[in-house]
Amino acid sequence: MDNIYDIIIIGGGPGGIGVSIESKILGLEKILLIEKSDNHSHTIRKFYKDKKRVDKDWQGQAVTLEGNIEFIDGTKESTIDYFDSLLDNHLIDAKFNCEVDKVVKSGDIFIVTTSDGEFASKNVVVSVGRMGKPNKPSYIIPPSLKTQVNFNLDKCSNGEKIVIIGGGDSAVEYACDLSETNNVTLCYRRAELSKPNPTNQALFTTYKQLGKITPKFGVNIESLDNEHGQIKMVFSDDTSELFDRAIYALGGTTPIDFLKKCGVVLDDNGEPIFDSNYETKTSGMFIAGDIAFKSGGSIAIALNHGHKIVNYIQNKNI
Ligand SMILES: Cc1cc2nc3c(=O)[nH]c(=O)nc-3n(C[C@H](O)[C@H](O)[C@H](O)COP(=O)(O)OP(=O)(O)OC[C@H]3O[C@@H](n4cnc5c(N)ncnc54)[C@H](O)[C@@H]3O)c2cc1C
């Protein structure tokens, strides 16, 4: 506890990496990045399919990078390699397999309690993302179907009849990828796709025209049942269909309990309250990355948060 960090960053995704690198470049001396999984970028490793195209302008949002990190379009692999090199080249002190449990402010210092002991810091950035708890449907998923109802592609195998649920970029990318080796339906509650970026919109149109993806648009899903080991999906248009697998690509939820344990004040909707520098109601406690949005974050946006936060801390210190 003698060692007081200038900044502790909770979460080793793009938001946390952005804050770490900007901290080093802009002159904070003692920096600690804490990540609960066994390496940085857990969301990218777990939810992106291998060789996935990674777009800088995700969800159709054109983002100008404001900081010192030159993030460009690439793939899952090139993005992870780039983040590896950033952390190595800037000698970032990162603790992996270390889960933060809570943060308490005592005087001017934050005490961060983790699975690996307590650490003290003058500033804390919470950047834990939303994909720790992917959004789930409101209807019941029968326990007997739990291995066939998924939130990423880990369990898929070739030759399955698969339904993807969602209307964003991830849903379209999952559908196009799986359709090469599976019979794929894309199910979306609205009549048309509007969220995906132009590249994914064009991809979807091509795949649909080639008959590789069957769209089931403008309907809600009423229920899931187990019919002889298959998923029977019942739709609001009084139709139903059997699938081997269902994959929900609906984004993630705000980690309300964790934010409360960090002392972050939430609004009536359970979203964190923060100002234009991403500082929460507690001075010295910031949020970065996807948790600053109900939906619609991106890697580039998360990296920009880091630049803004560290600039603000350094200007305060002058
Ligand atoms: C399928 C899919 C495809 C996508 N494709 C793109 C794309 O092409 N381009 C793009 O810009 N964006 C894309 N995104 C969005 C992008 O991945 C996110 O905007 C970005 O990862 C957000 O970064 P983050 O640091 O806020 O959160 P995350 O990346 O979710 O990182 C949070 C980190 O915090 C860690 N953590 C959580 N709780 C704790 C704890 N208690 N203690 C310690 N560590 C903790 C997690 O393990 C994780 O590593 C995609 C998202 C998905 C789901």
Side-chain angles (χ1 to χ4, degrees), residues 8-20 32-63 65 71-76 78-80 83 94-103 112-116 119 124-135 150-154 164 166 168-175 177 195-197 199-200 247-255 257-259 261-262 272 278 287-293 295-306:
I8 286 182
I9 302 119
I10 306 172
I17 292 171
V19 179
S20 312
L32 179 63
L33 174 65
I34 302 178
E35 164 58 45
K36 76 173 175 187
S37 70
D38 60 1
N39 213 329
H40 64 85
S41 307
H42 184 62
T43 294
I44 293 178
R45 292 173 201 273
K46 182 171 177 191
F47 290 93
Y48 291 19
K49 62 193 168 62
D50 290 347
K51 302 194 179 65
K52 167 183 148 48
R53 209 187 62 244
V54 173
D55 300 327
K56 179 176 115 350
D57 295 339
W58 176 242
Q59 311 268 31
Q61 310 172 87
V63 181
L65 290 165
F71 171 64
I72 53 170
D73 290 341
T75 61
K76 169 181 177 174
S78 70
T79 304
I80 289 175
F83 288 156
K95 268 190 170 296
F96 297 138
N97 288 316
C98 180
E99 182 163 4
V100 172
D101 179 42
K102 64 176 179 180
V103 181
V112 180
T113 304
T114 77
S115 52
D116 206 9
F119 302 92
V124 169
V125 181
V126 183
S127 187
V128 295
R130 291 175 173 269
M131 294 310 286
K133 271 195 193 164
N135 280 323
N150 311 142
F151 300 88
N152 61 31
L153 307 190
D154 284 356
I164 316 282
D169 281 294
S170 345
V172 169
E173 288 183 359
Y174 282 172
D177 185 52
K195 289 194 205 158
N197 63 29
T199 315
N200 282 330
I247 296 167
Y248 288 82
L250 304 174
T253 51
T254 309
D257 293 338
F258 182 71
L259 290 174
K261 284 168 88 179
C262 294
Y278 302 95
I287 59 161
D290 276 8
I291 53 167
F293 300 94
S295 66
S298 77
I299 295 172
I301 292 174
L303 296 174
N304 279 349
H305 290 172

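From a predicted model like this one, the values you see are computed outputs, not experimental measurements. Every number for a ligand or one of its atoms is a count from 1 in the order of the listing. For reference, positions follow the sequence shown, starting with 1. All heavy atoms count here, side chains included; hydrogens, waters and symmetry mates do not.
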the protein heavy atom lying closest to atom 15 (C) of ligand 1 turns out to be W58 NE1, 3.5 Å
- Message: For T113, is there any backbone N or O sitting under 3.5 Å from a side-chain donor or acceptor partner on D101?
- Response: no
Atom 50 (C) of ligand 1 has as its nearest protein heavy atom Y48 OH, 3.3 Å
Is there a nitrogen or oxygen of F71 sitting under 3.5 Å from a nitrogen or oxygen of ligand 1?
no
When you measure from the heavy atoms of G132 to every atom of ligand 1, does any distance fall below 4.0 Å? no
If you scan protein heavy atoms around atom 29 (O) of ligand 1, the nearest is P14 CD, 3.3 Å
protein heavy-atom neighbour closest to atom 27 (O) of ligand 1 works out as G129 CA, 3.3 Å
* Asked: Counting only N and O atoms by type, is there a donor-acceptor contact under 3.5 Å from the side chain of T253 to the main-chain atoms of K133?
  -> yes
Review point. So is there a nitrogen or oxygen of Y174 less than 3.5 Å from a nitrogen or oxygen in ligand 1?
Key: no
Heavy-atom proximity to atom 37 (C) of ligand 1 ranks first, among I291, T199, V128, for V128
In ligand 1, the atoms that come under 4.0 Å of a heavy atom of F258 are 41 (N)
closest protein heavy atom to atom 25 (O) of ligand 1 is G15 N, 2.8 Å
Out of D290, D55, V126, I287, the nearest non-hydrogen contact to atom 18 (C) of ligand 1 is supplied by D290
Query raised in the report: Any chance NZ of K76 has more than 12 other-residue heavy atoms, nucleotides or ligands included, within less than 6.0 Å?
Result: yes
Requested in this report: Please tell me if the side chains of Y174 and Y248 come closer than 4.5 Å, counting only heavy atoms from C-beta onward.
Outcome: no
The protein heavy atom nearest to atom 34 (O) of ligand 1 is G11 CA, 3.2 Å
Problem set entry | Sub-3.5 Å N/O-N/O distance, V100 and ligand 1 | yes
Open item on the list: Between V124 and C262, is the side chain to side chain contact (heavy atoms under 4.5 Å, CB included) condition met? List the steps.
Closed with: CA-CA 9 Å; V124 169; C262 294; over 6 Å; no
Those residues at least two apart in sequence (or on a different chain) that pass salt bridge (charged side-chain N to carboxylate O under 4.0 Å, His left out) with E35 are none
Has ligand 1 got any nitrogen or oxygen that is less than 3.5 angstrom from a nitrogen or oxygen of I299?
yes
So for C98 against ligand 1, with non-hydrogen atoms under 4.0 Å, the contacting part is backbone
With a 4.5 Å cut-off on side-chain heavy atoms, are K52 and E173 touching? yes
Across all chains, not counting sequence neighbours, the salt bridge (charged side-chain N to carboxylate O under 4.0 Å, His left out) partners of D116 are K95
Ranked by distance from atom 30 (O) of ligand 1, the top protein heavy atom is T43 OG1, 2.5 Å
If we number the atoms of ligand 1 from 1 as shown, the ones under 4.0 Å from a heavy atom of G289 are 26 (O)
In terms of heavy-atom contacts, S20 and I9 come closest through OG-CD1, 3.6 Å
Exercise for review: Please determine if E35 has a nitrogen or oxygen closer than 3.5 Å to a nitrogen or oxygen of ligand 1.
Suggested key: yes
> Taking the side chain from D57 and the backbone from V63, do they hold a donor-acceptor pair closer than 3.5 Å?
Replying inline: yes
Numbered in order shown, the ligand 1 atoms found under 4.0 Å of a heavy atom of E99 are 41 (N), 42 (N)
Does a donor on one side chain sit under 3.5 Å from an acceptor on the other, for T75 and R53? no
shortest atom 44 (N) of ligand 1-to-protein heavy-atom contact is with K36 N, 3.1 Å
So, the side chain of D55 versus the backbone of W58: is there a donor-acceptor pair under 3.5 Å, distance only? no
Exercise. Would you find a donor on one side and an acceptor on the other, under 3.5 Å apart, between the side chain of H305 and the backbone of G289?
Worked result: yes
For G297, the ligand 1 atoms with a heavy-atom partner under 4.0 Å come out as 19 (O)
- Polar-atom distance check: S41 versus ligand 1, any N or O pair below 3.5 Å? no
Note: ligand 1 atoms sitting under 4.0 Å from heavy atoms of I34 are 43 (C), 44 (N)
F119 and I34 have their tightest heavy-atom pair at CD1-CD1, 4.4 Å
Counting heavy atoms under 4.0 Å, the part of K52 that contacts ligand 1 is side chain
